[in-house]
Amino acid sequence: MTGLKIAGALVVDGSGSPGYRADVAVDGGRIVAIGSGLPAARRTIDADGLVLSPGFIDMHSHSDLQILVNPDHTAKVSQGVTLEVLGQDGLSFAPIDDPTRAVVRRQIAGWNGEPDDFDFSWSTVAGYLDRLDQGIACNAAYLVPQGTLRMMVVGTSNRPATMDELRRMKELLADGLRDGAVGMSSGLTYTPGMFADTDELVALCEIVAQYGGYYAPHQRSYGKGALEAYGEMVEVARRAGCALHLTHAVMNFAPNAGRGADLVAMIDKALASGVDVTTDTYPYLPGATTLAAVLPSWTAEGGPDAQLARLRDPAARERITHELEQVGTDGCHGCVVEWDTIEIGGVRNPALSENVGHTVAELASRAGRAPADVFYDLLLADDLATSILQHVGHEENVRTIMRHPSHTGGSDGILVGGKPHPRSWGTFPRYLAHYVRELGVLDLADCVHHLTGRPARRLRLPDRGLVREGYAADLVLFDPERVQDTATFPEPRQQAAGIPYVLVNGVPVIDDSHRTEALPGRAVRRTT
């Protein structure tokens, strides 16, 4: 007798094939049988009217600390996520040393929060993955962050790495990949990762290729010059012989309205020439980042304290304002800032909480002040930790890119802040509700493939991403007529509807729509 039988489900198995009716038996964390009339089990879930699919794989997540601080992790598991990929955008916490950790904690507090009395007991990728193995809600894979490597070895200066420094970064990267990381990320609009030139990135990606991993860049621009930035990433992958995964593959800001087809054409050309390219997107128009990311990169040289000093200096502020409002900064993707598109999503300083949910333009108008001055004062008062939503997307581009056969799903979800982006709670049900059921942009089987089988193939996971006998029992049961994202911009922390059961490694983490206390997730390490 098996532990669990899921009876009478419409199995949409993650391959892209149409669904079929079957029972599925689970035991010992694995799918042990698929068929009709399977024997009785210790528990049976009546799945009549429900779709059974593989668990969803979040290819771009910022839960690096929150998955440990708040292991309940309802935001992700309640929307069917059974695996997420951490270490994104070139900044995370392994490998790391104490001086670098102090800087990174401040720099990405808007992504991860800055938990008090948190036990950073690791310094290597192996140590971080072992920490995840102590008990998390869903599985997690990890990318070595290129910006953190550069900070450890080169520092925060805008200069080329020396040969010895490059050799040391390659050694640290190789160590992380041997420890089980699935590849390398970079954040090329964030310091200090942006200070790496193309040749440096190629040299690092050659190491990634040797270990069978992939490169996941947040590239140099998603606004003015976006196509050129995508082109650089394709060239890096081509020269290094490395698989390429274009994270949050968007064409945002005014210059890119209607240009999603141009990106798709570039990807098709790269694929035809032999470059292994995949993408991920979130199904929303606004993006999210930190408020400090909008600043020109030169302000960040020397680290957070040096940046704050520049924000206090009248001459530096005048220069920054000119670049923001007249020229366009690299931090704002080459575009002139539009203050009415920048909404405060979260603050670390509770005295600033009244600013959350308002745009910089609204705050400036209310105070009778220049928007740039409000911007500087927020950054100073919040020690650079403010998070934002940027309302700069284009629906036509979103649909064009998600239709492409290279596409996978990634929430880019930030879980901290007063009003984080609703994609942290709603990405995967929104695909199923809005873009499958309501709009028909994708059909159900194809969408499930985008969210399960295809990302598992990118991650080279031999036993996840499909409903197959012998595969890990990472499974989701959802009602195709009722599944719905309920998270909104005003109320972003809302559990999705129509997803009554989620299993991670065969253990229910969502049971009859309620979060259980189970923490069955573990680190998923790279396999060759």
Side-chain angles (χ1 to χ4, degrees), residues 1-57 72-74 76-83 137-139 426 428-433 436-437 443-445 447-449 451-453 464-486 494-521:
M1 180 179 289
T2 58
L4 175 67
K5 182 171 77 170
I6 300 168
L10 177 64
V11 178
V12 179
D13 66 5
S15 68
S17 300
Y20 60 92
R21 295 284 172 189
D23 300 342
V24 175
V26 172
D27 203 44
R30 296 275 160 180
I31 300 169
V32 295
I34 303 171
S36 60
L38 295 182
R42 287 187 292 275
R43 180 184 179 188
T44 297
I45 294 175
D46 181 359
D48 183 42
L50 299 179
V51 169
L52 176 67
S53 81
F56 305 136
I57 297 176
D72 173 84
H73 217 40
T74 301
K76 291 302 180 68
V77 296
S78 67
Q79 57 178 302
V81 172
T82 60
L83 169 64
C138 67
N139 302 306
F428 295 88
R430 181 169 173 81
Y431 271 115
L432 297 168
V436 174
R437 187 178 66 234
D443 69 34
L444 179 60
C447 183
V448 169
H449 177 53
L451 306 181
T452 61
R464 296 179 194 269
L466 298 173
V467 180
R468 293 281 194 275
E469 291 184 7
Y471 273 54
D474 291 346
L475 299 168
V476 179
L477 275 165
F478 63 89
D479 184 335
E481 300 303 321
R482 292 185 56 252
V483 63
Q484 185 69 57
D485 55 306
T486 64
Q494 302 294 320
Q495 181 172 333
I499 305 179
Y501 298 97
V502 180
L503 277 64
V504 175
N505 296 320
V507 178
V509 291
I510 299 294
D511 195 337
D512 196 20
S513 299
H514 298 290
R515 177 68 175 94
T516 71
E517 296 181 356
L519 298 174

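Since this is a predicted model, take the numbers as computed values, not measurements.
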Thr82 and Phe56: CA distance, side-chain angles, deciding distance, side-chain contact (heavy atoms from CB on, under 4.5 Å) verdict
CA-CA 6 Å; Thr82 60; Phe56 305 136; 6.0 Å; no

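- One distance of note links CG of Leu10 with CZ of Phe478; it measures 8.5 Å at 0.5 Å rounding.
- Note: Asn139 CG to Asp474 CG = 5.0 Å, rounded to the nearest 0.5 Å.
- Of all the heavy atoms in Val12 and Gly19, the pair that sits closest is CG2-CA, 4.1 Å.
- Ala137 and Val77 get closest at one heavy-atom pair: CB-CG1, 3.9 Å.
- Checked by atom type and distance alone, the side chain of Asp13 never pairs as donor or acceptor with a backbone atom of Leu466 at under 3.5 Å.
- With rounding to the nearest 0.5 Å, the separation of CD1 in Ile499 from CG in Asp479 is 10.5 Å.
- In summary, of the residues considered (Arg430, Gln495, Gln79), a side-chain contact (heavy atoms from CB on, under 4.5 Å) with Asp485 occurs for Arg430 alone.
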Extract all donor-acceptor atom pairs below 3.5 Å that involve side chains of residues 37-48 and protein atoms in other chains or at least two apart in sequence.
from, atom 1, to, atom 2, distance (Å)
Arg42, NH2, Asp27, OD1, 3.4
Arg43, NH1, Asp511, OD2, 2.8
Arg43, NH2, Asp511, OD1, 2.8
Arg43, NH2, Asp511, OD2, 3.4
Asp46, OD1, Asp48, N, 3.1

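- To the nearest 0.5 angstrom, Arg30 atom CZ is 10.0 Å from Tyr471 atom OH.
- With hydrogens and angles ignored, the 3.5 Å screen pairs a side-chain donor or acceptor of Asp23 with a backbone N or O of Gly8.
- Here SG of Cys138 is found 13.5 Å from CG of Leu503. Values are rounded to the nearest 0.5 Å.
- Side-chain atoms of Leu432 and Leu444, non-hydrogen and from C-beta on, do get closer than 4.5 Å to each other.
- Here the closest heavy-atom approach between residue Ser17 and residue Ala445 is recorded as O-CB, 3.4 Å.
- Contact between Pro508 and Gly506 at its shortest, heavy atoms only, is CD-O, 3.9 Å.
- Residues Glu469 and Ala33 come closest through the heavy atom pair OE2-CA, 3.6 Å.
- Side-chain atoms of Pro54 and Val448, non-hydrogen and from C-beta on, do get closer than 4.5 Å to each other.
- Between the CD1 atom in Ile34 and the CD1 atom in Ile6 there is a gap of 10.0 Å [rounded to 0.5 Å].
- Residues meeting the side chain to side chain contact (heavy atoms under 4.5 Å, CB included) test with Arg437, sequence neighbours left out: Ala433, Glu481, Val483, Gln484.
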Run the numbers on Arg515 and Val509 for side-chain contact (heavy atoms from CB on, under 4.5 Å), then give the verdict.
CA-CA 6 Å; Arg515 177 68 175 94; Val509 291; 3.7 Å; yes

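- Considering all non-hydrogen atoms of both residues, Val436 and Cys447 come closest at CG2-CB, 3.5 Å.
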